[in-house]
Asks: 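Next up is a structure, given as structure tokens.
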Amino acid sequence: MKRYLWAAVAAAIVAMAVAVALALHGLRNLGADSGGDARPKADTGTECTGTRPVDSLPEADDGSPLERVVTHIDKLAHGKRYADVFTGLALDEDQHAADVWRIPSAAFDDAVCGSAVKGVTVRLHDTHVGRRTLDALADRIGDDMRRWDGTFEMREVGPDERGFVHVGVDDPDKAGPIVEKAYGEQNSRYIKVEYAEQAEAAVG
């Protein structure tokens with residue numbers, strides 16, 4: 001997930017941290033648009049075990065079956081047909097699995113499951129919000145990083161593939177009600193305020 005990092009240091013350092021975080025996390029989160037409860041939901045039990053030959057999908061950067069599947073899902077998520085249902089994606093390399101969060105869609109589920117190759121499992125999870133909504137809200141909150149200086153410190157902001165915007169702060173008890181009030185009842189359903197460690201600028 002892409003991150004906006006705030007270290008309460010010089011603006012140049014903050015900008016560098018944000019740029020690096022965006023590059024590192026951008027690949028893992030793709031998206032859509034809708035509305036509803038943003039909290040992670042229980043697993044739906046929908047699981048697909050790959051049956052198609054590994055070489056039926058284009059070779060990925062590292063050549064692994066899992067990376068081939070993830071790359072294909074990435075392309076599906078960026079296509080116009082499924083842009084409104086996709087929420088996020090994460091890898092479970094130990095289990096040779098991909099976790100996909102989406103607004104339930106039989107067509108998308110069929111496309112994703114049909115892309116799974118032998119040796120790879122795809123696990124589908126329900127959400128009620130898509131990536132466009134999360135991206136827009138994360139960008140809005142990220143623009144307000146210094147808004148509450150002196151009350152609490154906002155340290156991280158970024159969409160989470162599970163269907164919410166993570167807001168990392170130094171004091172969640174104080175920040176939570178303030179952030180939720182600032183962005184309204186509708187948006188607050190998509191916000192999860194949690195403690196985050198102070199980011200540190202690299203030295204050397």
Side-chain angles (χ1 to χ4, degrees), residues 1-5 17-32 38-79 81-83 85-132 134-135 138 155-168 190 192 194-197 199-200 202:
M1 63 187 96
K2 68 180 185 179
R3 297 285 192 190
Y4 295 85
L5 301 179
V18 170
V20 171
L22 288 172
L24 289 175
H25 295 288
L27 177 62
R28 293 296 185 245
N29 298 294
L30 311 168
R39 303 303 189 222
K41 299 172 68 68
D43 290 354
T44 65
T46 304
E47 186 174 289
C48 314
T49 301
T51 58
R52 64 189 292 175
V54 173
D55 60 5
S56 65
L57 291 180
E59 190 167 339
D61 290 341
D62 69 358
S64 72
L66 178 57
E67 285 291 346
R68 290 185 189 220
V69 172
V70 168
T71 299
H72 187 71
I73 294 173
D74 178 278
K75 291 179 180 179
L76 289 174
H78 279 98
R81 183 177 181 185
Y82 302 118
V85 300
F86 192 86
T87 304
L89 170 68
L91 303 184
D92 182 349
E93 294 181 346
D94 291 340
Q95 298 296 320
H96 303 288
D99 288 284
V100 178
W101 286 263
R102 85 286 184 249
I103 299 167
S105 162
F108 180 67
D109 291 358
D110 287 346
V112 169
C113 287
S115 71
V117 301
K118 293 179 179 179
V120 174
T121 298
V122 177
R123 300 185 294 241
L124 300 168
H125 311 276
D126 290 355
T127 68
H128 291 278
V129 63
R131 183 57 186 264
R132 289 175 183 161
L134 298 181
D135 277 345
R155 295 172 172 172
E156 298 177 356
V157 179
D160 187 283
E161 67 271 4
R162 295 169 293 173
F164 61 88
V165 175
H166 163 77
V167 179
Y190 309 149
K192 190 171 184 179
E194 301 173 302
Y195 174 77
E197 294 285 349
E200 297 182 4

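Quick caveat, the model's predicted, so the values are computed rather than measured. All heavy atoms count here, side chains included; hydrogens, waters and symmetry mates do not.
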Asks: Compare all side-chain heavy atoms of R102 with those of D126 and state whether any distance is below 4.5 angstrom.
Replies: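 In short, these two side chains touch, coming nearer than 4.5 Å.
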Asks: List the atom of L89, the atom of A98, and the distance in Å for their closest heavy-atom pair.
Replies: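 So the two residues come closest at CD1-CB, 4.2 Å.
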Asks: For A107, which residues count as a side chain to side chain contact (heavy atoms under 4.5 Å, CB included) partner, sequence neighbours excluded?
Replies: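 Once residues adjacent in sequence are excluded, the partners of A107 under the side chain to side chain contact (heavy atoms under 4.5 Å, CB included) criterion are R81, Y82, S105.
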Asks: Any heavy-atom pair between the side chains of T87 and H125 that's under 4.5 Å?
Replies: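 With C-beta onward as the side chain, the pair stays apart.
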Asks: With a 4.5 Å heavy-atom cut-off, do D109 and C48 have their side chains touching?
Replies: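 The answer is no, as the side chains (C-beta and beyond) never meet within the 4.5 Å cut-off.
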Asks: Which heavy-atom pair separates A116 from R52 by the least distance, and what is that distance?
Replies: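 Looking at all heavy atoms of both residues, the closest pair is O-CG, 3.2 Å.
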Asks: If you round to the nearest 0.5 Å, how far is CG of L134 from CZ of R162?
Replies: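 The CG atom of L134 is 12.0 Å from CZ of R162, to the nearest 0.5 Å.
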Asks: Between D94 and D92, is any pair of side-chain heavy atoms under 4.5 Å apart?
Replies: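 Side-chain contact under 4.5 Å: yes.
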Asks: When you measure from the side chain of R131 to the backbone N and O of G88, does any donor-acceptor pair fall under 3.5 Å?
Replies: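 A pair under 3.5 Å: no.
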Asks: Search all heavy atoms of T127 against all heavy atoms of P104 and return the closest pair with its distance.
Replies: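 So the minimum-distance heavy-atom pair works out to O-CD, 3.6 Å.
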Asks: Shortest non-hydrogen contact from V157 to A138?
Replies: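 For V157 versus A138, the nearest heavy atoms are CG1-O, 3.5 Å.
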Asks: I need the minimum non-hydrogen distance between S115 and H72, along with the two atoms involved.
Replies: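 Between these two residues, the closest heavy atoms are CB-CD2, 3.0 Å.
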Asks: Once rounded to the nearest 0.5 Å, what's the spacing between atom CG of L76 and atom OG1 of T71?
Replies: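 Reported to 0.5 Å precision, the distance equals 11.0 Å.
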Asks: Calculate, to the nearest 0.5 Å, the distance between atoms CG and CD1 belonging to L57 and I73 respectively.
Replies: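 Here the rounded value is 9.5 Å.
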Asks: When rounded to the nearest 0.5 angstrom, what is the spacing between OH in Y190 and NE2 in H128?
Replies: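 So the OH of Y190 and the NE2 of H128 are separated by 10.0 Å.
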Asks: Going from CD on Q95 to OG1 on T121, what distance comes out if it is rounded to the nearest 0.5 angstrom?
Replies: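 Atom-to-atom, Q95:CD and T121:OG1 are 8.5 Å apart.
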Asks: Return the CZ to CD distance between F86 and E161, rounded to the nearest 0.5 Å.
Replies: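 The CZ atom of F86 sits 9.5 Å away from the CD atom of E161.
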Asks: Is the shortest side-chain heavy-atom distance between D99 and R123 below 4.5 Å?
Replies: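 A side-chain contact under 4.5 Å exists here.
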